[in-house]
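Structure first, then comments.
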Amino acid sequence: MEDTGAAKSLAQRIAKLFGSKRAILGVLIASAILTYGGVSLFVVVFAIYPLAIALFREANVSRNLLPATIALGAFTFTMTAIPGTPQIQNLIPTATFKTNAMSGSIIGIVSGLIMAVGGYLWLAYRDKKLKAKNQGFTEPNESSVAASDEQDSMNVILAILPHNGALLTLLAVTGLRHKETYKDVFVVAFIIPTIALFAGVALAAAGII
């Protein structure tokens with residue numbers, strides 16, 4: 001998909017379908033469909049970013065929410081939970097456990113819905129909070145990283161947290177720093193998926209799913 005340009009074309013079509021009024025949802029779903037279609041996470045970042053910037057600008061959504069929105073769509077439920085996803089996180093265990101990509105479909109769907117809906121509700125909440133503080137969209141050159149002696153130091157806890165390559169790529173492409181984005185990324189890519197994991201395990205242990 002990335003070689004033929006189909007990934008970018010599909011992302012553009014989805015983004016136009018949802019329009020600027022649902023900018024976060026449009027970017028989220030476009031990222032999710034590309035990932036579920038087997039497109040590499042890194043390619044998704046580059047394919048989605050130009051469209052996401054245009055939608056966020058028109059909807060006046062803070063650019064600080066952009067990494068978390070793409071991360072939610074590409075790095076969470078479609079990468080690990082939705083049955084049949086061709087991402088390596090779903091395929092590698094099949095050799096060890098002698099299963100297939102569709103194994104655990106019910107628990108995967110339940111966990112995926114928790115991640116997708118929970119993450120979207122969090123981002124929608126954050127968007128309203130930021131707009132209430134008059135913190136809307138800013139152009140990349142208006143919020144560029146200042147000289148190092150003028151920057152606020154990153155919190156030491158953030159500095160020692162593991163940083164995966166896809167997230168670092170996402171931050172590099174968006175021109176944002178961990179300090180500006182880590183809270184929302186942490187919620188949608190760690191806290192909510194962890195809740196989904198425990199919820200799925202609990203329901204399975206109880207024999208409900």
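Numbers for residues simply follow the sequence, beginning at 1.
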task = Show your working on side chain to side chain contact (heavy atoms under 4.5 Å, CB included) between L171 and Y182 and close with a plain yes or no.
result = CA-CA 10 Å; L171 293 176; Y182 220 111; 5.9 Å; no
Quick check on the hydrophobic clustering: are [X] and [Y] connected, directly or via other members, by side-chain heavy-atom contacts under 4.5 Å?
X	Y	result
I107	L197	no
I109	F77	no
I92	M79	no
I106	L203	yes
L41	I88	no

Check: [X] side chain, [Y] main-chain N or O, donor-acceptor pair, under 3.5 Å:
X	Y	value
T85	I82	no
T78	G73	yes
E180	R177	yes

task = For F137 and I53, run side chain to side chain contact (heavy atoms under 4.5 Å, CB included): C-alpha distance rounded to whole Å, both residues' side-chain angles, the deciding distance at 0.1 Å, then the answer.
result = CA-CA 9 Å; F137 183 86; I53 275 288; 4.1 Å; yes
Ignoring hydrogens, what is the shortest heavy-atom contact between [X] and [Y]? Give both atom names and the distance.
X	Y	result
P67	T174	CG-OG1, 4.0 Å
I24	T69	O-CG2, 3.5 Å
D184	A68	CB-CB, 3.6 Å
T35	Q87	O-NE2, 2.8 Å
P86	Y36	CD-O, 3.1 Å
R63	T138	NE-O, 3.1 Å

Would you mind reporting whether [Y] and [X] have side-chain heavy atoms less than 4.5 Å apart?
X	Y	answer
M115	T80	yes
F46	T169	yes
L72	L123	yes
L170	I70	yes
Y120	I192	no

Got a second to check how far [X]'s [atom1] is from [Y]'s [atom2], nearest 0.5 Å?
X	Y	atom1	atom2	result
I114	T76	CD1	OG1	12.5 Å
L65	K183	CG	NZ	10.5 Å
N64	D127	CG	CG	11.5 Å
N90	N100	CG	CG	9.0 Å
L66	Y49	CG	OH	6.5 Å
K133	S62	NZ	OG	11.0 Å

query = Would you call R57 and E139 a salt bridge, using N to O less than 4.0 angstrom?
reply = yes
message = Tell me whether the rings of Y125 and W122 are parallel (<30°), tilted (30 to 60°) or perpendicular (>60°).
response = tilted
message = Using a 6.0 Å cut-off, check whether atom CG of L91 has over 12 heavy atoms from anything other than its own residue.
response = yes
message = Within a 6.0 Å radius of atom NZ on K131, are there more than 12 heavy atoms belonging to other residues, nucleotides or ligands?
response = yes
